[in-house]
Amino acid sequence: MSDRQNLVANAAPFAGAGADLEAGTLDGSRQSAPQQGIFQQSSHPTALFFHLFFRTAAILTYLFCWIFTDNFVLQFVIIVLLLAFDFWTVKNISGRLLVGLRWWNEIKEDGSNQWIFESRENRIVNATDSRIFWFSLYAAPVVWGILAFVALILFKFTWLPLPLVAMSMSMANVIGYTKCEKDAKQKVTSYIAGQSSVQGFVGGFISNRIGNLFGGR
């Protein structure tokens with residue numbers, strides 16, 4: 001009898017350890033998985049990267065390029081090139097891939113401008129891509145506007161053209177994509193209205209035929 005009691009007493013610590021291990025496992029399983037970054041959540045991480053890279057690089061170069069060189073011409077050229085890359089990337093690549101939209105402007109023979117908008121069929125947009133695209137699209141001209149105001153109040157008129165050029169290029173994409181988004185929504189609304197009209201016409205026609213059939217009897 002004493003041997004059996006000693007066996008039970010010796011087994012008790014191991015049983016407690018097993019219970020603690022099981023509880024720790026359960027607690028660990030309840031912990032939420034680490035959140036993914038924006039590039040892991042994106043459907044087009046490469047396009048999203050370059051959508052953010054060129055505009056961020058242009059702003060950082062404008063703010064801190066004086067640390068590396070005092071050559072104004074070199075600084076001006078680098079920033080303008082980054083702005084051009086950003087404008088082209090947003091207009092032709094990231095907008096089409098991230099939100100399914102594209103716009104361009106054509107000049108007619110009479111000299112007038114024509115806005116042309118294009119939206120992807122069966123447009124399904126990744127929420128992360130859409131949120132970052134529109135936020136950065138509207139944030140860029142705001143940031144450049146602030147930098148232009150700072151250059152103005154500090155009487156740095158030599159640097160003032162750069163934020164003004166950047167703000168105008170950013171606003172071109174803002175206006176283009178805002179109009180393109182409205183045009184895409186109008187197309188969807190018109191399509192739904194057209195489908196409703198067709199369904200109403202077909203339903204009314206069938207109802208009239210059925211009514212005439214039974215009324216004739």
### Query
Within the distance-only criterion (no hydrogens, no angle test), does the side chain of T56 pair as donor or acceptor with the backbone N or O of L52 below 3.5 angstrom?
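Flag set: sc T56 to bb L52 pair under 3.5 Å.
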### Query
Distance-only, no hydrogens or angles: does the Q40 side chain make a donor-acceptor pair with backbone N or O of G37 under 3.5 Å?
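The answer is yes, because a donor-acceptor pair under 3.5 Å joins these two groups.
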Heavy-atom side-chain proximity of [X] to [Y] below 4.5 angstrom:
X	Y	result
F54	W88	no
V80	L162	yes
D129	H44	yes
S94	F133	yes
F155	L160	no

### Task
In sequence, state the C-alpha distance, the side-chain angles, and the governing distance for F157 and L152, and then conclude on side chain to side chain contact (heavy atoms under 4.5 Å, CB included).
CA-CA 7 Å; F157 300 111; L152 182 62; 3.8 Å; yes
Kindly work out whether a path of hydrophobic side-chain contacts (I/L/V/M/F/W/Y, heavy atoms less than 4.5 Å apart) joins [X] to [Y].
X	Y	result
L97	L48	no
L164	L63	yes
F135	V125	no
I93	W103	no
F68	L74	yes

### Message
Show, in sequence, the C-alpha distance, side-chain angles and deciding distance for K179 and D183, and conclude whether the salt bridge (Lys or Arg N to Asp or Glu O under 4.0 Å) test is met.
### Response
CA-CA 6 Å; K179 290 185 176 182; D183 181 76; over 6 Å; no
#### Entry: Option passing side-chain contact (heavy atoms from CB on, under 4.5 Å) with L137 (candidates L98, V99, I132, N173)
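With L137 as partner, side-chain contact (heavy atoms from CB on, under 4.5 Å) holds for just one option, N173.
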### Message
One pair to check against side chain to side chain contact (heavy atoms under 4.5 Å, CB included): N113 and K108. What are the steps and the verdict?
### Response
CA-CA 6 Å; N113 295 330; K108 297 182 178 180; over 6 Å; no
### Message
Running the 4.5 Å side-chain criterion over Ile, Leu, Val, Met, Phe, Trp and Tyr, what cluster does I153 land in, apart from itself?
### Response
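Its cluster mates, by chain and number, are V142, I146, F149, V150, L154.
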### Query
Could you state the interatomic distance from OG1 (T46) to CZ (F39), rounded to the nearest 0.5 Å?
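Those atoms lie 9.5 Å apart.
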### Query
How long is the gap from OG on S170 to CG on L83, to the nearest 0.5 Å?
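With rounding to 0.5 Å, OG (S170) is 7.0 Å from CG (L83).
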#### Entry: Under the side-chain hydrogen bond (donor to acceptor under 3.5 Å, both in side chains) test, residues paired with S43 that sit two or more places apart
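Only N126 meet the side-chain hydrogen bond (donor to acceptor under 3.5 Å, both in side chains) criterion with S43.
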### Non-neighbouring partners of T89 that pass side-chain hydrogen bond (donor to acceptor under 3.5 Å, both in side chains), sequence neighbours left out
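None.
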### Message
Once side-chain hydrogen bond (donor to acceptor under 3.5 Å, both in side chains) is applied, what residue pairs with a partner in residues 58-81 remain, sequence neighbours excluded?
### Response
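side-chain hydrogen bond (donor to acceptor under 3.5 Å, both in side chains) check on residues 58-81 returns no pairs.
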### Message
Filter on side-chain hydrogen bond (donor to acceptor under 3.5 Å, both in side chains), then keep only pairs touching residues 131-152, sequence neighbours left out; what's left?
### Response
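Sorted result for residues 131-152: H51-S136, Y138-T178.
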Tabulate below the donor-acceptor pairs under 3.5 Å that side-chain atoms of residues 114-121 make, not counting sequence neighbours, or state none.
residue, atom, partner, partner atom, Å
R120, NH1, R96, O, 3.1

Of all heavy-atom pairs between [X] and [Y], which one has the smallest distance, and what is that distance?
X	Y	value
R102	K91	CG-O, 4.1 Å
A172	F87	CB-CE1, 3.9 Å
R123	A184	NH1-CB, 4.0 Å

### Message
Would L82 and R55 count as a side chain to side chain contact (heavy atoms under 4.5 Å, CB included) here? Give the steps.
### Response
CA-CA 7 Å; L82 290 172; R55 59 188 49 211; over 6 Å; no
### Query
Are W159 and F72 near enough that their ring centres are under 6.0 Å apart?
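Ring centres of F72 and W159 closer than 6.0 Å.
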